[in-house]
Amino acid sequence: MSSSQPIRVLNVAEKPSVAKAVATILSRGQLHTREGRSRYNKIFEFNYTVRNQQCQMLVTSVTGHLMEIDFEDRYRKWHSCDPVDLYHAQIKKFVPEDKLDIKRTLEEEARWCQWLVLWLDCDREGENIAYEVVEVCSAVNSRLNIWRARFSALIERDIHEAVQNLARPNKFLAEAVDARQEIDLRIGASFTRFQTMLLRDAFVLDFAGEERNMILSYGPCQFPTLGFIVERYWEIQAHEPEEFWMINCSHTSEEGTAKFGWMRGHMFDYTCAVIIYEMCVQEPIATVTKVRDQQKNKYPPHPLNTIELEKRASRYFRMSSEHTMKVAEELYMSGFISYPRTETDGFSERTDLRAIVQEQRGHPTWGMYAQQLLDPGVGLWRNPVSGGHDDKAHPPIHPTKFSAGESGWSQDHRRLYELVVRHFLACVSQPAIGAETTVEIDIAGEQFSASGRVIIAKNYLDVYPYESWGGSMIPKYSFGEQFTPTALTLDSGVTRPPPLLSESDLLSCMDKAGIGTDATMHDHIKKLLDRFYATKDANTHFSPTNLGEALVMGYDDMGYELWKPYLRSQMENDMREVSVGRKSKSQVLDSCLQQMKACFLDARVNKAKLLEGMGIFFDRSSRRGGDEQQVGGGVVGPCGICHESDMVLKRKPDGNFMVGCSGYPQCRNVVWLPGSISEATVTTQVCNSCTPGPFLRIQFKFRSIEIPPNYNANHLGCVGGCDETLKELIEICGTGSRNPPANIPGLVKIIIPVSAARGRGGHTSSSTSAQRGSTRQGVCTHCRQTSHSSNDCPSQVSRSQSVPPQRRNTQNGETSIACSTCGTMCGLRTANTETNRGRKFYSCQSRVCKFFVYAKLFLSADMGCYVCFMDIFQKTGHTWLSFKIIGSKKRRGNKKSNLRWEDSMGNNSGGSGANNSSSRSTSNPRSNPRGRGGHGRSGGRRGQSTTDTTFVSATGDPVSRRCFNCGDPSHFANVCPNR
DNA sequence: GCAAGGTC
């Protein structure tokens, strides 16, 4: 089929570079270029034949998304609506100001075209952009025949095939992105407004400069990224250093030294380790049980994609991912490297790799290597192995133009270009080859191994100096050979916490959890720094700031995993379902937004948790408070001070209630209510006593554990002045802003009755009759009985069954606490261990019990869990200690191995074993029993002073025959009756 | 003033 009139075809690509590449390939370089409305997006013109039809081709581009979404204007202002309304607010899709030029170009060109061919990237976002282009073009030309070109690489064959096999765009793919955009916007905007308005003005956040403009953003990508950082930080904080023990063996001969490692690794049980060590020392002859020689290859990396580029630039040059992408973008724009935003880590078979190598032959540093690669005689070439990722749009990052360094390049430009070139040359090279020898020996039934490596051919390592492959020689051994170790030592070590996350680690976490895309991951990381949620040190390690930790802690306390990656993963799954047509866009939107709205409302109800989290790290602000400060409530009665406005029940951000004049700030009349109130509702019952009225009564609900037991948790009260019970509870419980965390799941309260109540501030002097009774007249604070003191109150014992009653020590005016386990007083001390040096902690002074709590540090108590010490405070005449349980205690290692000594050593205990060992030791011609004193390590680090037992190397000092546990020479430790 | 996703 052919026609005399050529078809006018408007081709639109996702970016200018693709438009140019497509036009150049299709026109074979015979094209005319003209300007469009946008200076970046040129228009290329040429003639082409599509399936025998003459076409007049116009190729132009957009720059990514042409449109944005946002709320309708009436919802744009933060105070225009309740943030929860953002789950239903109308959303508009529009072309933003900076894209109007591109829109005009499309409109002008589409008017006189018959076909529209969409050359957007072949992924979900590309398909969505395709529909944005369709919307703009169809609006001016409804007769357009709309086609989609699908290509997997910008190479001739693919592009020609794509244009000869045009398809229709896929609505499902585009709708998946629509859903993603809408969900991100609604969740992000609602939570951001909520937490910013709640927290910004409630606390002193002076690190951020102008606090008023500070935004505490929430985003479904940025929060899980923060979550990774906080989680690692908590893991480090919770780490409890544990001492472990290992046996090391070395053997030196004329050929060199071999260091043999214990194949058990290490043991946490000192007793076991010492007994095994003792056994080895008694029979120190080593027998070679295995010699294995094999060739080992170290393979070059896969071709480079964006995430690997960012990770390697961070590891090798400590460049931030954001800076790396900026430099890579510049190198790409000036033509030196290929498109830097790619997931692909394998080259297409059709790529002319040798041509790329050929270009690098003239480089003064790696040119020679490039030449060798191309020489078949050298045999250095190897086709690159794919890493298995393919975005179907871009090749792996590779050099596209030779440069020995440009004058305008910074050091980072040079380093990044060099990395791209060296990486490319490496991945078309042979692996490094090494010869590895592994030797295993047996000493008294214990296995040890050593290995050595010799590099035979460095191959790709010659051009890739960023990686090394260490190797050392060991002496030659043969199977069955016996020797006496030169040294056999029992060494100790201490477990260390994992390191803080590096930028490379963080990118890996995000990649694995599907947080962000290769083009946006660095943006999410940067956002955490910009929002003061995290900091990065010189070694690219991330720590959460107090703000970041407080936010995560707050949401964690609520029981929501908004800071974990699962929410995003779930969304990604839903998007996938939409993109293949298994679920509809509206179905996913409805269910996801409904779920998130419920979560949002619940978070708002539980906002006290966020405030508590923030309260741990920040001081309260003296400002009037944020937009969220006063919520709920109802009119209680007329204001008796200004006589103009009403007194209204309100709840403050810290969760406490107040009744204040609605004429504030002109009128400052206020009644502060007890901090122990969990709920308060204005009823319709009018108080008959208070004037001038009418005053409505308020139904209060108190947290029973925070009020004395003889008070009713449900109280119908009045704030007009007649309610004595309310007055008493105000005095007992106080109304201050720094109340303890509420009695919520996850918090353990340890009740520490005081012998001499020391209330907060002025409350002691104006204490209620109940308090006075307990402190001066010997009446129990809890139940007001005189038969016992508050220390022994049965009501308290039954209430805190898991924690015995404690005492408070007021010595030196310091608040001490009693151990929750054994009752002994705990003293405040300063830690001196490597990881916790300088931290204050409470420790049981009994030296038997292991109760200890670090101030704001997680440690294990005998409760068998990690706890976070939150606060010590006084309330209702008691000292309270609140903790948060943050996880169950994990104990590492200490495998219950089948220790042979249980049998053999037990039978051999006593004199005969000693004689055997002694004779072997001295009969060994290579040993020098007493002449090399000091070489052996004392194994009795823990028990040496009390057991008088020393353990030494086979070449060194004598071995004591006494039990190291109790010092008795009649038996060995494994059968010690005192153990 | 808010998200995340394109790209210059």
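Residue numbering restarts at 1 for every chain, and letters A, B, ... go by the order of the sequence lines.
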Over how many whole Å does the gap from Asp523(A) atom CG to dA3(B) atom C1' extend? 12 Å
Between the base of dC8(B) and the side chain of Asn41(A), is there any donor-acceptor pair under 3.5 Å? no
Could you go step by step and tell me if Tyr560(A) and Asn606(A) meet the side-chain hydrogen bond (donor to acceptor under 3.5 Å, both in side chains) rule? CA-CA 11 Å; Tyr560(A) 282 130; Asn606(A) 287 304; 5.8 Å; no
Spacing of Thr63(A) atom OG1 and Asn41(A) atom CG [to the nearest 0.5 Å]: 5.5 Å
Between dA3(B), dC2(B), dC8(B), spot the one nearest the side chain of Ala189(A), thanks. dC2(B)
Reading DNA chain B from 5' onward, which residue's closest nucleotide shows up sooner: Ser17(A) or Ile515(A)? Ile515(A)
Glu109(A) and salt bridge (Lys or Arg N to Asp or Glu O under 4.0 Å): which partner among Lys42(A), Lys103(A), Arg104(A), Arg34(A)? Arg34(A)
Can you check the Phe191(A) CZ to dA4(B) P distance for me, whole Å? 13 Å
Can you list every salt bridge (Lys or Arg N to Asp or Glu O under 4.0 Å) pair that touches residues 329-342 of chain A, not counting sequence neighbours? Lys326(A)-Glu330(A), Glu329(A)-Arg341(A)
Which residue lies toward the 5' end of DNA chain B, Gln222(A) or Lys77(A), if each is placed at its nearest nucleotide? Lys77(A)
Quick one: which of dG5(B), dT7(B), dC2(B) gets closest to the side chain of Pro16(A)? dT7(B)
Going by side-chain hydrogen bond (donor to acceptor under 3.5 Å, both in side chains), name the pairs with one or both residues in residues 507-517 of chain A, residues two or more places apart or in two chains. Lys311(A)-Ser508(A), Thr517(A)-Thr520(A)
Take atom CD of Gln195(A) and atom C1' of dA3(B), then tell me their distance rounded to the nearest Å. 12 Å
Determine: side-chain N/O of Ser217(A) to OP1/OP2 of dC2(B), distance under 4.0 Å, yes or no. no
Give Tyr339(A) one of three labels, base, sugar-phosphate or nothing, depending on what nucleic acid heavy atoms sit under 4.0 Å from its own. sugar-phosphate
Using a strict heavy-atom distance below 4.0 Å, which residues from residues 176-186 of chain A are in contact with DNA chain B? Arg180(A), Gln181(A), Asp184(A), Leu185(A)
Among dG1(B), dT7(B), dA4(B), which nucleotide has an atom closest to any side-chain atom of Arg341(A)? dT7(B)
Closest to the side chain of Lys15(A), out of dC8(B), dA4(B), dC2(B), is dC8(B)
Between atom CG in Leu528(A) and atom P in dA4(B), what is the gap in whole Å? 9 Å
How would you label the contact of Lys326(A) with the nucleic acid (heavy atoms, under 4.0 Å): base, sugar-phosphate, or nothing? nothing
Whole angstrom is fine here: how far is it from CG in Asp530(A) over to P in dC2(B)? 12 Å
Closest approach of Thr306(A) to Thr342(A) (non-hydrogen atoms, all atoms of both residues): OG1-N, 2.6 Å
Mind checking if Asp121(A) touches a base, just sugar-phosphate, or nothing, with heavy atoms under 4.0 Å? sugar-phosphate
Touch class at under 4.0 angstrom, heavy-atom based, for Thr192(A) against every strand present: sugar-phosphate
Please state how far atom CE in Met521(A) lies from atom P in dG5(B), giving the value in whole angstrom units. 9 Å
When you get a sec, tell me which of dG1(B), dC8(B), dG5(B) is the closest nucleotide to the side chain of Arg568(A)? dG5(B)
Find the distance His524(A):NE2 to dG6(B):C1' and express it as a whole number of Å. 12 Å
Between dC2(B), dC8(B), dG6(B), which nucleotide has the shortest distance from any of its atoms to the side chain of His65(A)? dG6(B)
Would you mind classifying the nucleic acid contact of Leu216(A) as base, sugar-phosphate or nothing, using non-hydrogen atoms under 4.0 angstrom? nothing
Distance check: side-chain N/O of Lys527(A) vs OP1/OP2 of dA3(B), anything under 4.0 Å? yes
Rounded to whole Å, the CD1-C1' distance (Ile102(A) to dG6(B)) equals 11 Å
Verify the contact: side-chain N or O of Thr517(A) to OP1 or OP2 of dA4(B), cut-off strictly under 4.0 Å; return yes or no. no
Just to be sure I understand the rule, does Arg39(A) reach a base, reach only the sugar-phosphate, or reach nothing, if contact means heavy atoms closer than 4.0 Å? nothing
Is the phosphate of dA3(B) approached by Arg531(A) (side-chain N or O, under 4.0 Å from OP1 or OP2)? yes
If we check ring-ring contact (aromatic ring centres under 6.0 Å, His included) with His394(A), which of these qualifies: Tyr332(A), Phe151(A), Tyr339(A)? Tyr339(A)
Given dG1(B), dA3(B), dG6(B), which nucleotide is nearest the side-chain atoms of Arg200(A)? dG1(B)
Whether Tyr218(A) stacks on the six-membered ring of dA3(B) base, 5.5 Å and 30° limits: no
Could you give me the CA-CA distance, side-chain angles and deciding distance for Tyr218(A) and Phe223(A), then say whether ring pair (Phe, Tyr, Trp, His ring centres under 6.0 Å) is met? CA-CA 6 Å; Tyr218(A) 174 86; Phe223(A) 250 58; 4.7 Å; yes
How is Gly126(A) classified with respect to the nucleic acid when contacts are heavy atoms under 4.0 Å: base, sugar-phosphate, or nothing? nothing
Report which part of the nucleic acid Arg124(A) touches: base, sugar-phosphate, or nothing (heavy-atom distance under 4.0 Å, all strands). nothing
For the side chain of Tyr332(A), counting heavy atoms from C-beta on, which of dA3(B), dC8(B), dG6(B) is nearest? dC8(B)
Students often mix this up, so state it plainly: with edges at 30° and 60°, are the rings of Trp115(A) and Trp147(A) parallel, tilted or perpendicular? tilted
Could you check which of dC2(B), dG6(B), dC8(B) has an atom nearest any side-chain atom of Glu14(A)? dG6(B)
Check this for me: Arg168(A), atom CZ, are more than 12 non-hydrogen atoms of other residues, nucleotides or ligands nearer than 6.0 Å? yes
